[in-house]
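Below, chains carry the letters A, B, ... as their sequence lines are ordered, and counting in each starts from 1. No experiment lies behind these values; they were computed from the predicted model shown.
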Amino acid sequence: MFKYSSVTQFSCLFQFEEVYLETKEQYEKLIKDGFLLFQQVPLVEIDGMKMVQTRAIMSYIAGKYNLYGKDLKERALIDMYVEGLSDLMQMILMFPFSPPDAKEKNLESIKERATNRYFPVFEKVLKQHGQDFLVGNKFSWADVQLMEAILAVEEKVPDVLSGFPQLQVFKSKMSNMPTLKKFLQPGSPRKPPPDAHYVETVLKIFKK
Amino acid sequence: MAGKPKLHYTKGRGKMESVRWLLAAAGVEFEEEFIETKEDLEKLRNDGVLLFQQVPMVEIDGMRMVQTRAILSYIAAKYNLYGKDLKERAWIDMYVEGTTDLMGMIMFLPYQPADTKEKNLALIIERATTRYFPVYEKALKDHGQDYLVGNKLSWADVHLLEAILMAEECKPDVLSAFPLLQAFKGRISNIPTIKKFLQPGSQRKPPTDEKIVAVVRKIFNI
């Protein structure tokens, strides 16, 4: 659903199943059965826990699968990068739900923020250390999140990376990592960009 | 030699207040540099010290940390307030996200248009009493321990106390249906470092009033 895409990125690591919410009744049943700690999804059943709250879920997965750096300081950097990217992704996430007369302005905002606030930071990081990955010369949650953000923005602004040569190289390298490559192929759990039907379904399920 | 952490923010609660709480609870002394004008913010941005051009920013251990959650996670881990293993951390993270959502609603209230205030306040109370507080009341009831996670003080407890006090500022009897949370509030408030933070003269900031709203609007163009 909503914040789902970031979680499914981690499918690069392990197999998982998905249960789709398609009706309000399904959602209400989850609540009634006491599955949803704060009555919200995403919900991920993992290692005997019913985890909610996207950030908590992703932190757990990152920690479990060694994608969270080697020490506290590397974790701090990863957290900062991921939080910044999450702010950008939030704009994209909300975009399909904005009223038609606000869409052009919101699109402009996404483009402006990506180009002036977020992408320059990661371009600079990669340029300064010259390594393949953002933190600690090792694949981490931050790289996965950046890759997702790049692709999501490109869907709206196809030439957004034109001023960012390091990010272009990064994108290419990440695309060729075996697990991410697999995720980017048709037939993977990766979800398509939201369309009108998706928006309609979400509103139907969650609108009071 | 690392000096004291230095907090960069406006002289109000906002997103930095949770950082002040956590440092105080951990017994860590800190300094603050207040952003009072637009020019103060511009200077920070021009000096290149704000990774994403935003505050909060905390200078700590040679880093200029931004993004509230990242800052809080770092402090929690450094001062052993983040559980003993991955699963305890997962629970602390989940609990903290809940109190973050609740406090976020309260934080925004003074910035809402006057004619929506009553409705938004009602929503805050509804969420507090039907979505959030029942979760923490149940957690305490289920294990019967003094703290939310792992029978030990953690970030989750500090954050919950902060949220309780903020909710009580909205509605003084908001805890009336939550006996365990009332006891929790009493217990955690009496922890020496936290007790000190709750006394006048500490770095705890007062509730956001119109004056602070005006300053913030001016500095951030909102």
Take a 6.0 Å sphere around [atom1] of [X] and say whether it holds more than 12 heavy atoms from other residues, nucleotides or ligands.
X	atom1	result
B:Lys117	NZ	yes
A:Lys24	NZ	yes
A:Lys124	NZ	no
B:Phe108	CZ	no
A:Lys103	NZ	yes

If you tally heavy-atom pairs under 4.5 Å between each of A:Gly84, A:Pro120, A:Gly48, A:Ser86 and chain B, the highest tally belongs to A:Gly84
Contacting region of [X] [heavy-atom separation from chain B under 4.5 Å]:
X	answer
A:Val52	both
A:Lys64	both
A:Met49	side chain

Residues of residues 154-164 of chain A with a heavy atom under 4.5 Å from any heavy atom of chain B, in residue-number order, are none
Checking heavy-atom separations under 4.5 Å from chain B, one finds in residues 75-83 of chain A A:Arg75, A:Ala76, A:Asp79, A:Met80, A:Tyr81, A:Glu83
Hits for side chain to side chain contact (heavy atoms under 4.5 Å, CB included) against A:Asn116, two or more places apart or cross-chain, chain-then-number order -> A:Glu112
For [X] and [Y], which heavy atoms make the closest approach, and how far apart are they?
X	Y	answer
A:Tyr60	B:Ala90	CD1-CB, 3.9 Å
B:Asp61	A:Lys73	O-NZ, 2.6 Å
B:Val135	A:Leu37	CG2-O, 3.1 Å

Under 4.5 Å to a heavy atom of chain A? For B:Arg131 that would be both
Q) Side-chain contact, heavy-atom cut-off 4.5 Å: A:Gln53 with B:Asp101? A) yes
Those residues of residues 64-80 of chain B that come under 4.5 Å of chain A on a heavy-atom basis, listed by number, are B:Arg64, B:Met65, B:Val66, B:Gln67, B:Arg69, B:Ala70, B:Ser73, B:Tyr74, B:Ala77, B:Lys78
Highest number of heavy-atom pairs under 4.5 Å with chain A among B:Leu51, B:Leu86, B:Thr130, B:Ile92 belongs to B:Leu86
